[in-house]
Amino acid sequence: MTQKGETNRYDLHSRRRRFLGLDKDQALKGLFGGNALVSIIVLALITFFLFKEGVGFFGQYRQDIELHRRSGIEYVEIMKEQSAAFTDLNRYLNSIRGEHATLLQEQGMAFKDARAELKVYEEFIYAFEDLGYPVSEYALEMAEVAIGARDMYEESANLREHRENLLALGRDEEAADVEVLDVDLSLFVGMLKEGEADFLALNDALAAGLLSHIEKLPVIGIDSLDAKMQRFAELSRMFVGELEGYESRLAEWDPDLPVNMVSAFGSFLFGKNWVTNSSIQDWYGILPLFTGSLLVATIAMFFAIPLGVGAAIYVNQVAKPAEQNFIKPYIEFISAIPSVVIGFFGIAVFGQFVREVSGWTILSGFDIFPISERLTAFTAGCLLALMAIPTIFTLAEDAINNVPKSFKEASLAMGATRLQTTLRIIVPTSLSGIISAVLLGFGRVVGETMVVLLCAGNRIEIPNFTNGIGTFFEPVHTMTGIIAQELGEVVNGSIHYRALFMVGMVLFLISLLINYLAQKIVLKYQISRG
Amino acid sequence: MTLLTDTLKDSAISPKATTSMSSETSDPSRPLIRVSDFDFFYGEKQALFDINMEMLENEVTAFIGPSGCGKSTLLRCINRMNDLVDVARIGRGKIEVNDADIYDPRVDTIELRKRVGMVFQKSNPFPKSIYENVIYGLRIQGINKKSVLDEAVERCLKGAALWDEVKDRLDTSGLSLSGGQQQRLCIARALAVEPDILLMDEPCSALDPVATAKVEELIHSLKDQYTIVIVTHNMQQAARVSDKTAFFYLGKLIEMAKTDEIFMSPKNEQTEAYISGRFG
Ligand SMILES: Nc1ncnc2c1ncn2[C@@H]1O[C@H](COP(=O)(O)OP(=O)(O)OP(=O)(O)O)[C@@H](O)[C@H]1O
Ligand SMILES: [Mg+2]
């Protein structure tokens, strides 16, 4: 018989105390869930912000390229391209003289005599330079017209916007004071086009002059140099042949050809130039930065993969506990060094060291050595390797450690050596883990900023990949470096500002991809282990 | 070459020799493994006390005893797997395989382990194909000739009574097999290097009765060619498969005799208590 007041053992209703209608479990769940939610929201906001700031870029860039066309700058650039080709010829000619001069110097000829000897070139070169002069002058003049037109157009657009802002604020009187002149770009382009006949005449004169000039090719009397002279004549003839191409491009050029979004896109993703604050035209092509980042990362991984993975294998499979207790914290300690300190070390010590080593006589067999630059992709790559090693080491060591001990025992019990066990069982079993460690190390390297900014040399140019190993010793600029360097000085909301956000976005997508791949691989790894 | 391999090579105990000659011609009671006055320590803690025993050629010897009494420890001493344990050390005595002291500093553990194979309690096939699992021991010896490997796979899988079940899927992962099949795969893998001795540490403890029966049958058939030492907690199993049984207690060898003698008329009280299940 159950008495009143005595609790019924079969009353299964919860008796836990409640807080805001939640019991303790639910409250805790809410708390942690809330934390997770906040971090997700913050992440989403950051992503959204990146997109918002970046996406406007393509519209602006398209307009920019369109203005570049409509103001005729594009037209003038064709002429400039032709002038540049002529300048190349000139440079080649001068290099022949230079070579001759070196030769004479090596023969121990006195300076005065050498000068006399080189006299053959003088007239020929001066006359040659004079031939190109009218055309390049003309191109410069036209460039001034086009740039002037573009600047006026932009100025008036700014003023118009200013006036509209004033009107919107209701300050009509001030607005009336703002004088906006309508700039008709077609007027200027008409001027350029009118002059085309003059340019063609100049070109014809240039062609005729050039052809007759190379008839008077000086004979030097040194076979190799004479061969070069012949080559020069040939190049000149080729140049004359190419003139027609430039001319037809000028003739076909149409200022009203619309610039679509795709070309803005292409110009960003595949553009070979990143030029900012130029008086002529700014270009935002990510390729030089992307290849720079890639080159630096490749160098870094070249060193970091063998060192990081090797150290992981050693520590996990070979090292005695005492060694483990020393090596592991030591390598992990490297990652605690602030990157700016590593960068500083690179500038102050390492870059200098690399240059010095490149001057050693053992390396004189490579004609790219000694190198002239102190800060190059190689310098930055080596230092980044230092930063990637702890990441790769730690993750790879984890992966290796996850290989069941029974595999190792089974292998050793069959009479395998330690090395065989490591290479045939441990590494293959943990390979996907090691690969994802490498990928994450790569991500770390691509995303690193301070070291590349300080040590990569910051030359915005696509590395010359035909240079062999010399490629690795060129100064480069990187995607992260450019953001850090330029974001501080851009005007908020300007196209340059947005371009930097787009670069950030590309970086973001790269890391996303890398992380995704790493996770995919790890997943596969878990499945294959049953 | 090492001392051990020389001795092992000189003698006529390779599996083929024994099958052809059968045990009548050679001395049937030739001890292949001899443990003398053996003390063993993990750090400060002594795990084995003064063990003296002999395991005869082509016999199955079972180790029984309560948990923690040192069965696995002794087993792992016979192929020096205990070298992997940092704190492990021998206090006194020696272990001889085929009259060669295996703890002689000149002995190469690699060579020793090729002669003394081991099957573990938990089946541990490599995450490789069945084929690669079996020939692992040959590959590490640098044998890569396809015909030799093919032949070895068939012979060993047949030897481990697994051939019929897997012959059509040698390329699938060894991990895709059932627990019992995995254990037999591990036995096949151990057979591939043609050892003289097989050490088995509770090979059936994770298997169901059907799979256990298969492995026991297998042990029975392997007896002609191999000398087997098996650790087991299953009294019936010991009675079924072994010729000799050794009972351990607290790191000491209490009694060792023919299996039927131990089970019918144990001389030691503790042995009797353990066998009849009245222990502890
Ligand atoms: N690696 C090791 N380090 C330290 N002590 C160990 C180690 N391996 C075993 N021991 C100890 O040695 C003793 C014997 O262990 P062992 O594994 O040989 O027992 P066992 O008879 O095989 O037991 P079980 O039947 O449970 O497998 C135990 O007291 C154990 O705690
Ligand atoms: Mg055991």
Side-chain angles (χ1 to χ4, degrees), chain A residues 312-328 396-437 520-530, chain B residues 5 72 75-76 78-87 108-128 132-142 173-177 179 182-183 185-195 197-201:
Chain A
I313 292 174
Y314 179 79
V315 164
N316 195 280
Q317 293 296 312
V318 186
K320 298 189 187 67
E323 281 179 292
Q324 279 184 5
N325 290 340
F326 171 71
I327 299 174
K328 264 172 93 164
E397 212 259 337
D398 271 357
I400 293 169
N401 207 24
N402 273 335
V403 176
K405 221 178 150 219
S406 64
F407 288 172
K408 183 179 175 182
E409 285 205 325
S411 170
L412 290 174
M414 309 271 313
T417 62
R418 260 171 201 273
L419 185 68
Q420 285 172 327
T421 305
T422 302
L423 293 184
R424 287 171 183 266
I425 302 294
I426 310 283
V427 172
T429 311
S430 55
L431 191 61
S432 0
I434 293 176
I435 291 176
S436 55
K520 265 281 230 258
I521 290 171
V522 167
L523 212 64
K524 194 182 136 234
Y525 157 75
Q526 281 162 348
I527 291 167
S528 77
R529 283 247 313 280
Chain B
T5 35
S72 301
L75 199 71
R76 290 165 60 90
I78 299 174
N79 68 348
R80 290 186 56 175
M81 284 302 280
N82 272 334
D83 290 12
L84 300 184
V85 180
D86 290 310
V87 294
D108 184 359
T109 52
I110 307 296
E111 292 299 325
L112 172 69
R113 289 175 191 154
K114 284 183 197 160
R115 306 299 159 129
V116 186
M118 188 161 206
V119 176
F120 296 83
Q121 174 172 5
K122 200 175 156 289
S123 63
N124 52 1
F126 299 129
K128 296 169 181 279
E132 285 297 327
N133 258 291
V134 177
I135 60 169
Y136 178 74
L138 301 177
R139 281 233 195 267
I140 57 177
Q141 293 175 24
S173 168
L175 294 168
S176 67
L177 299 174
Q182 285 192 11
Q183 193 59 296
L185 178 62
C186 292
I187 295 174
R189 183 175 65 186
L191 297 183
V193 285
E194 307 194 349
I197 298 167
L198 266 185
L199 308 174
M200 301 179 159
D201 195 348

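We name chains A, B, ... by the order of the sequence lines, and we start the count at 1 in each one. Worth knowing before you read on, the calculation uses all heavy atoms, side chains too, and leaves out hydrogens, waters and symmetry mates.
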Taking side chain to side chain donor-acceptor pair (under 3.5 Å) as the definition, give me every residue that meets it alongside A:Gln317, ordered by chain and number, with sequence neighbours left out. none

Of the non-hydrogen atoms in A:Gln420 and B:Tyr136, which two are nearest, and what is the gap between them? O-OH, 4.1 Å

Heavy-atom distance under 4.5 Å to chain A: side chain of B:Val119, backbone, both or neither? neither

Which pair of heavy atoms, one from A:Ala413 and one from B:Met118, lies closest together, and at what distance? CB-CB, 4.0 Å

Specify which of B:Asp86, B:Leu199, B:Thr109, B:Ile140 makes the most heavy-atom pairs with chain A at under 4.5 Å. B:Ile140

Quick one: closest heavy-atom pair of A:Phe407 and B:Phe126, and the distance? O-CE2, 3.3 Å

Under the rule for side chain to side chain contact (heavy atoms under 4.5 Å, CB included), what residues qualify as partners of B:Ile110, not counting sequence neighbours? A:Thr417, B:Asp108, B:Lys114

The interface call for B:Lys128 against chain A, heavy-atom contacts under 4.5 Å, is side chain

With a 4.5 angstrom heavy-atom cut-off, which part of B:Arg189 approaches chain A: side chain, backbone, both or neither? both

Might you point out which heavy atoms bring A:Glu409 and B:Met81 nearest each other, and give the distance in Å? O-CE, 3.3 Å

Considering non-hydrogen atoms only, spot the tightest contact between A:Ser406 and B:Asn124 and give its length. O-ND2, 3.0 Å

